[in-house]
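First up is the structure itself, then whatever we jot down about it.
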2 protein chains.
Amino acid sequence: MEEEKRTIRAVERALDVMLCFTTGSDWGLTEIAQRVGLHKSTVHRMLATLEQKGFVFRDEATEKYRLGLRILELSAHARASDPAVVLLGEMERLRDQLGETVSLYVRDRNDRVRIQAVQSEQAVRRVAPVGARLPLTVGASSKVLLAFGDAGERDALLAEVSWPAPKDRDAYLEQLQEIAALGYATSFEEREAGAAAISAPIFDRSGKLYAALSVSGPSNRLTADIMRERAPAVMEAARRMGMLLGGTGV
Amino acid sequence: MEEEKRTIRAVERALDVMLCFTTGSDWGLTEIAQRVGLHKSTVHRMLATLEQKGFVFRDEATEKYRLGLRILELSAHARASDPAVVLLGEMERLRDQLGETVSLYVRDRNDRVRIQAVQSEQAVRRVAPVGARLPLTVGASSKVLLAFGDAGERDALLAEVSWPAPKDRDAYLEQLQEIAALGYATSFEEREAGAAAISAPIFDRSGKLYAALSVSGPSNRLTADIMRERAPAVMEAARRMGMLLGGTGV
DNA sequence: TACCGATGTTTCACAGAGTGAAACCAAGGA
DNA sequence: TCCTTGGTTTCACTCTGTGAAACATCGGTA
C-alpha cells in the first residue's frame, strides 16, 4: 500500500493475462479470469484489445485463446538485437566438438532464461527450447550465474528463495566458492532426472558477467569423470565468446 | 467516433508502444512518445509497467529501451503450441532434397508472417528469420495465400491495398487464377532483387488453407526452368504436410 | 421439451484511475 | 556559464476502466 506505484494498472493486468500463456497454451476466458483474479468482463475487454492488435487469437476449433503471431514477430526483433546471435557460431563449434546440446543462459530477475541454444544431433539428446525460464538456484548454469555474479544480488536472492533452505545456505555458498575457484560448475541429475551439465561463465571485454554457457546431455553420457575431462573445452569456448562481445552492457 | 469500442485504451496504447520495436530495436522514451503520438509522461509510465513485467528493459550502455526476455519466453510457448513444429521434419527433408531455404507463411490480417523456416546450408543462401512480417500481395507465397484463400477476403484486400494499382488488378487476378489452376506459384526478383521462390498451398484435412510452403533462393540458382522442374516436389511436400495437420482449425 | 450449468457477451452507474500540462532534474556541448 | 536534449515527478481534472448484474448461447440431462 505504501508502495509508490508509477505504473498503469490496466496495462499491468493485461500483461498478466498474457503471462498466463507461459503455462499452458490454450486458455478460456473464465480460466484466465480466475487465474489473474479479475472479473470476467474485465478480462473480456482485455482479450479483445490483445486480439485486435494480434497478440492473441481465438482458436477456431477449441474456442480458446492462444498467443498470436505478433509475439513471434516481436521475438524475431528481440533476438535480432541480441548479442547472442554473434555467439551462435562458437556454440555450433562446441556442439560439434562435444556432440551435446549447447545453451546460453542469462539471469533475469530471480530466474535464468535460455536465450540461445543449438541442439545435439544425437538420437538421445536434451531438448532445449529458447526462451525457457528456469529457477536460478538449481542446475550448473544457475550456480555459475550466482558464483560469478554480483555478491549483493546473490545474497538478496538466497534470502528470499525457498531452496536451498536456510540451514543449507552455508553449504551452498561454499559450493559456489569452489565453483568460483575452479572456473566452472557441473550438475548431475540436479534439476532434472537423467540429465547432467557442465557450465562456464562468459564475461564481456569489460569483465562483466554476461551469461552462462552450458553443455548438457543425458547423465549416462556425461558422467563426473567425463565432465571433468571436458570442462576445459567449455571454459575455453566461453573465453573466446567473451572476446566476441563488446564492453559494458552491449 | 461512431465506432463501437469495447477495448481498453491504456492497453491498446501500451501495445502500440511495444510494436515500435518491430522497426528498430533501440528506442528512447521521447522517440517512442513521438512515434505513437502520446505525451512523454504517459509513455514513461507505460515503459515502467512493461519493464516491471520484463517485456522491455533499459540497455545500460545506450540508455535506450529494448525488448525484454519475456517476449522470448512467450514466443517459445507461442511456437510450442503451433502445428508448425509438426511440419519441421518435412521441411527439413525438402530442404535437404532441394538444398534451398524452406519457409512457411500464414496469412495474418493484411500481411503474411513467416511462422517457421529451415535454412539452406549452402554458403550463398537466403536468410529467413521466423516471425518476419511481409506484404500480402507480392512474392510467391503471397500469391498462393490469395489464390487459394477465401475469395471475399481477397477482394476486400485488393480493394484497400495500394499495390497492385486499380488498373492492374484484373491482370493480377488473372495471374491468381492461373496459379490456382497450376497448383503452385513462382516469383522471380519480385519482392527482393536477386531472390526467387516457388510456393505451394498446404490444406489441412478438412480442406481449409492453412499456410503457404515456400522454397526460396538466389535467382541465379532458381531460374524459371529450374523452378518449373522442381514445383512438383514442392507440391508433393505440401500435400504430405497437409496430411499431418488435423481437421478444421487445429 | 424443459431445465440446467457453464461458458462468453453486453449494459450501466460510479469512483478512482489514467491523462497531459507543466515544473523539475541531470548531463553534455557550446 | 548558459543552453539544449533527454528523462522524471507532481498535480488537478475528467474521462476511462471497472465489476455487478443481466443477457445470450450453447450442450448435456432428465
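Chain naming here is simple, since letters A, B, ... match the order of the sequence lines and numbering starts at 1 in each.
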Worksheet item: What is the distance, rounded to the nearest whole Å, between atom CD of A:Glu63 and atom P of D:dC26?
Response: 10 Å
Practice prompt. Test A:Asp108 against A:Arg133 for salt bridge (charged side-chain N to carboxylate O under 4.0 Å, His left out), laying out the working first.
Written response: CA-CA 9 Å; A:Asp108 186 45; A:Arg133 186 172 288 266; 3.1 Å; yes
Discussion item. Measure CD/A:Glu12 against P/C:dA17 and give the value in whole Å, please.
Written reply: 12 Å
Worksheet item: Of all residues at least two apart in sequence or in a different chain, which pass the side-chain hydrogen bond (donor to acceptor under 3.5 Å, both in side chains) check with A:Arg45?
Response: A:Ser41
Worksheet item: Rounded to the nearest Å, what distance is computed from the CZ atom of residue A:Arg9 to the P atom of nucleotide D:dG19?
Response: 6 Å
Fill in: Check: A:Arg35/A:Thr23 side-chain N/O donor and acceptor closer than 3.5 Å
yes
Worksheet, complete the sentence: In terms of heavy-atom contacts, B:Val138 and B:Pro135 come closest through CG1-CG, 3.6 Å
Worksheet item: What is the distance, rounded to the nearest whole Å, between atom CZ of B:Arg6 and atom P of D:dT16?
Response: 17 Å
Discussion item. Among D:dG7, D:dT9, C:dT7, which nucleotide has an atom closest to any side-chain atom of B:Arg58?
Written reply: D:dG7
Worksheet entry | Spacing between B:Tyr65 atom OH and D:dG6 atom P, to the nearest angstrom | 14 Å
Worksheet item: Tell me, which of residues 31-45 of chain A have any heavy atom that sits under 4.0 Å from an atom in DNA chain D?
Response: A:His39, A:Ser41, A:Thr42, A:Arg45
Worksheet item: Between B:Arg66 and B:Phe21, is NZ or CZ placed under 6.0 angstrom from the six-membered ring centre and within 45° of the ring axis?
Response: no
Worksheet item: If you measure only the distance, is there a donor-acceptor pair under 3.5 Å linking the side chains of A:Glu12 and A:Thr7?
Response: yes
Practice prompt. Send over the distance from A:Met46 CE to D:dT16 P, rounded to a whole Å.
Written response: 16 Å
Worksheet item: Could you state the CG-C1' distance from A:Leu29 to C:dT10, rounded to the nearest angstrom?
Response: 13 Å
Discussion item. If you assign each of A:Thr30 and A:Ile8 to its closest nucleotide in DNA chain C, which residue comes earlier from the 5' end?
Written reply: A:Thr30
Worksheet item: Starting at NZ of B:Lys64 and ending at P of D:dG6, how long is that distance when rounded to a whole Å?
Response: 8 Å
Discussion item. Of the options D:dT18, D:dT8, D:dT16, whose atoms approach the side-chain atoms of A:Ala10 most closely?
Written reply: D:dT18
Worksheet item: According to a strict under-4.0 Å criterion, is B:Arg13 in side-chain N/O contact with OP1 or OP2 of D:dG17?
Response: no
Worksheet item: Are A:Arg114 and A:Ser141 close enough that a side-chain donor and a side-chain acceptor fall under 3.5 Å?
Response: no
